[in-house]
Amino acid sequence: MLGGMTGMLQQAADAVVETAQGRVRGLAKEGVARFHGLPFAAAPTGARRWRPAEPPQSWAGVRDATRFGAIAPQVRGAAEALIGGTPGEQSEDCLYLNVWTPGTSGKRPVMVWIHGGAFVNGAGSLGAYNGRRLAARGDVVAVTINYRLGAFGFLNLGDATDEAVAAGGTEGLSDQIAALRWVKENIASFGGDPDNVTVFGESAGALSIGALLAMPSARGLFHKAILQSGGAHIGRKRDSSAKIARLFLKKLGLDAVRAPTAPQEALLRAQGEILKGRSEGGLPFSPTAGREDLSARAIEVVRQASARGIPLLAGTTREEWKLFTAARPRLRLMDAAKLRDYAARQVGDEHADALLSVYDQRTSFERWNALMTDRAFAVPAARLLEAQAPYAPVFAYRFDWRSPLLKGLLGSCHALELGFVFGTYNVKMAGAFFGSGPEADALSNAMMAAWIHFARSGDPACSATGPWPRYDADKRATMIFGDGAPHVVSAPDDHRRTAWDRIPEERIGL
């Protein structure tokens, strides 16, 4: 047995995989071969800036695939340090993906990760997203991708410049679709099954998946989807995104003719100025609806059966918003009047009192966190599951584990489940955020098993979770992770969810 394992490792370490663009060489460790920095599209530089992704170029010889490629231009976010962030070289030449596989023969389920970061931060190479443990644990092929961020990927310059610059504000989504096309064309060479691809993502990554569910060009490129802390309430109106693009050009100090040749650093500075002025919860750089392939806000399209036949697993952490308020200590001092003012800004003055009446947390600060968790994450997730339930099996979860960092101040906050899904919760630098110990081990074991089983079969129920009923509008069965053993509850916090039925749809989501 040992000799066979040694032979497998040696074969993977020496393997040269043939892709449609040329041969690549990766490395093997602990039974998993990894191939990093694989280009899935042409570099979006020069004349390709602000254009949809184009097919990758071929090369001669054997390409080294032992190092991550450059990450998309961005201003690094503080939250990334919590999940094992690494700086990485930044470049507009950033359209690379990474593959982890237990072997280059066979037909394994494929899991393609789309990272979060509010559409302005992140990369597929962040430490928390290391796919080795998923690949080894589940005998699956794990893939992580980059895509253009911020002003490089989500800027509606077309409407802002009368098409002088034809960017539609969905170039980042076109990158994701290009990556999925690459997977369909090449993943069999890495031991993956191109007919069994699951996309999974968190935050902006989950919102991206919500958009992909509505986009005809993504149809057939994936077969199941897992959305962590994000739904399909995505797609900014054209006039709104054009306004942001005009403001961007103003802060850039250039007209439409000169903007396509502006230095990367200048674009990031203009982007940063807009982000400083954003309202709480806003995503100024996010996909535009009504242009290109995203015809309307994604949830509206999904309700019309755009994703027929694609099973979904979707959920949230219990206290998502605490990640965003932790860095704003003054919010902890808010009184009832300030809370009402904040709520009215989010849902309208006429709805604020009725909505606040269903939140009974001890302090105004806790009530604010709960309200924003529901508005931005929990309600969109529930509505996506309801929209898709007539067309495919759908399943719900909630993550209740609390971070030990800062004496528990972060609670069950946004991004906390990431380390448990990837099995990276106890890596150096990240363990303080995620937590460790036997209970953490059991939690990660259960989540990894469920995610892998869903990717394999379209059903997350497994021995680690026990029975997991489908989600429907009546019982709203939800699997709870992180509060003891995994268990199912019916319609958690349903009085809060029901109260949101009276809030206009456009007020829901980020």
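Numbering of residues begins at 1 and proceeds along the displayed sequence. All values reported here derive from a predicted model rather than from experimental measurement.
- To the nearest 0.5 Å, atoms CZ (Arg219) and CG (Leu213) are separated by 9.0 Å.
- Panel note: side chain Glu417, backbone Thr317; no donor-acceptor pair is recorded below 3.5 Å.
- Remark: side-chain polar atoms of Thr288 are not paired, donor with acceptor, to backbone N or O of Arg238 under 3.5 angstrom.
- A donor-acceptor pair under 3.5 Å is absent between the side-chain atoms of Gln361 and the main chain of Arg367, judged by distance alone.
- Smallest separation of non-hydrogen atoms from Gly309 and Pro311: O-CD, 3.3 Å.
- Open room surrounds CD on Glu439; 12 or fewer heavy atoms of other groups in view lie less than 6.0 Å from it.
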Distance-only check: which donor-acceptor pairs under 3.5 Å involve side-chain atoms of residues 446-453, not counting sequence neighbours?
unit_1 : atom_1 : unit_2 : atom_2 : d
Trp451 : NE1    : Gln228 : OE1    : 2.9
His453 : ND1    : Ser457 : OG     : 3.3
His453 : ND1    : Asp459 : O      : 2.7
His453 : ND1    : Ala461 : O      : 3.1

message: Working note: Arg398 + Asp400, criterion salt bridge (charged side-chain N to carboxylate O under 4.0 Å, His left out); need CA distance, chi angles, decisive distance, verdict.
response: CA-CA 6 Å; Arg398 193 182 72 197; Asp400 286 12; 2.8 Å; yes

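- A centroid separation of less than 6.0 Å is found between the aromatic rings of Phe399 and Phe420.
- Between Pro216 and Asp293, the closest side-chain pair of non-hydrogen atoms falls below 4.5 Å.
- Considering only heavy atoms from C-beta on, Val110 stays 4.5 Å or farther from Phe222 through its side chain.
- Taking both residues in full, the closest heavy atoms of Ile234 and Pro287 are given as CD1-CD, 3.8 Å, listed atom of the first, atom of the second, then distance.
- Between Arg297 and Glu505 no salt bridge is recorded (no basic side-chain N to carboxylate O distance below 4.0 Å).
- Closest approach of Ala396 to Ala477, counting heavy atoms only: CB-O, 3.7 Å.
- Side-chain contact check for Glu171 versus Phe152: every heavy-atom pair is 4.5 Å or farther apart.
- Applying the side chain to side chain contact (heavy atoms under 4.5 Å, CB included) rule to Ser403 yields the partners Leu405, Leu410, Leu416, Phe433; only residues at least two apart in sequence or on another chain are considered.
- Trp50 places a side-chain N or O within donor-acceptor distance of the main-chain N or O of Ala151, the cut-off being under 3.5 Å.
- Scanning all heavy atoms of the two residues, the minimum distance from Asp175 to Ala53 falls at OD1-CB, 3.5 Å.
- With respect to Glu386 and Arg476, a salt bridge is recorded, a charged nitrogen being found less than 4.0 Å from a carboxylate O.
- Between the side chain of Gln176 and the main chain of Ala218, no donor-acceptor pair closer than 3.5 Å is present.
- The pair Asp193-Arg456 does not count as a salt bridge, with every side-chain nitrogen at least 4.0 angstrom from each carboxylate oxygen.
- Side-chain atoms of Glu506 do not come within 3.5 Å of backbone N or O of Pro504 as any donor-acceptor pair.
- The structure places OG of Ser306 at 11.0 Å from CD of Glu300, a figure rounded to the nearest 0.5 Å.
- At a threshold of 4.5 Å between non-hydrogen side-chain atoms, the residues Gln90 and Leu268 count as touching.
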* Test side chain to side chain contact (heavy atoms under 4.5 Å, CB included) applied to Leu275 and Val75, step by step -> CA-CA 11 Å; Leu275 290 173; Val75 177; over 6 Å; no

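- By the side chain to side chain contact (heavy atoms under 4.5 Å, CB included) test, Asp360 is found to be paired with no residue, residues two or more places apart in sequence or in another chain being considered.
- A donor-acceptor pair is defined here as one N or O able to donate and one able to accept, closer than 3.5 Å; such a pair exists between the side chain of Ser357 and the backbone of Ala354.
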Chi angles and distances behind the ring pair (Phe, Tyr, Trp, His ring centres under 6.0 Å) call for Trp368, Phe365: CA-CA 5 Å; Trp368 173 243; Phe365 176 71; 9.4 Å; no

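- Atom CH2 of residue Trp321 and atom CG of residue Asn369 lie 9.0 Å apart, to the nearest 0.5 angstrom.
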*asked:* Test side chain to side chain contact (heavy atoms under 4.5 Å, CB included) on Val347 and Trp500; report intermediate values, then the result.
replied: CA-CA 10 Å; Val347 301; Trp500 283 92; 3.7 Å; yes

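- Note that CG of Leu356 and NE2 of His351 are 12.5 Å apart. Values are rounded to the nearest 0.5 Å.
- We find the CG-CG distance between Asp239 and Asp159 to be 9.0 Å, quoted to the nearest 0.5 Å.
- Residues passing the side chain to side chain contact (heavy atoms under 4.5 Å, CB included) test with Ala344 are Arg340, Asp349, Ala352, sequence neighbours excluded.
- The pair Arg497-Asp494 meets the salt-bridge criterion, with a side-chain N (NZ, NE, NH1 or NH2) lying under 4.0 Å from an Asp/Glu carboxylate O.
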Set out, in order, the CA-CA distance, both residues' side-chain angles and the distance that settles side chain to side chain contact (heavy atoms under 4.5 Å, CB included) for Phe395 and Ile226, then state yes or no. CA-CA 9 Å; Phe395 303 88; Ile226 303 173; over 6 Å; no

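- Looking at Glu366, its side chain never comes within 3.5 Å of a backbone N or O of Ser364 through a donor-acceptor pair.
- Across every non-hydrogen atom of Leu180 and Val199, the tightest pair is CD2-CG1, 3.7 Å.
- Taken to the nearest 0.5 Å, the OG atom of Ser286 stands 6.5 Å off from the CD1 atom of Ile244.
- Looking only at distances, no side-chain donor or acceptor of Asn426 sits under 3.5 Å from a matching main-chain atom of Ser436.
- A salt bridge links Glu319 to Arg402: at least one charged side-chain nitrogen sits closer than 4.0 Å to a carboxylate oxygen.
- At least one side-chain heavy atom of Ser295 sits under 4.5 Å from a side-chain heavy atom of Val301.
- Looking at heavy atoms from C-beta onward, Gln74 lies out of side-chain contact with Gln271 at the 4.5 angstrom threshold.
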Run Tyr425 and Leu443 through side chain to side chain contact (heavy atoms under 4.5 Å, CB included) and show every step you take. CA-CA 10 Å; Tyr425 59 96; Leu443 173 58; over 6 Å; no

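- Put simply, the side chain of Asp374 does not reach to within 4.5 Å of the side chain of Asp493, judged on heavy atoms.
- Glu273 has a carboxylate O that lies under 4.0 Å from a charged side-chain N of Lys251, or vice versa, which qualifies the two as a salt bridge.
- Closest approach of Arg507 and Arg345 over heavy atoms only: NH1-O, 3.4 Å.
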request  = Show your working on side-chain hydrogen bond (donor to acceptor under 3.5 Å, both in side chains) between Asn156 and Lys243 and close with a plain yes or no.
outcome  = CA-CA 9 Å; Asn156 179 13; Lys243 182 178 179 180; over 6 Å; no

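- For residues 114-137, every residue pair satisfying the ring-ring contact (aromatic ring centres under 6.0 Å, His included) rule, not counting sequence neighbours, is listed here: Trp113-Tyr129, His115-Tyr147, Phe119-Phe154, Tyr129-Phe422.
- Annotation: side chain of Arg181 is in contact with side chain of Ser217 (closest heavy-atom distance under 4.5 Å).
- Residues passing the salt bridge (Lys or Arg N to Asp or Glu O under 4.0 Å) test with Arg236, sequence neighbours excluded: none.
- Not one N or O on the side chain of Asn130 forms a donor-acceptor pair closer than 3.5 Å with the backbone of Arg133.
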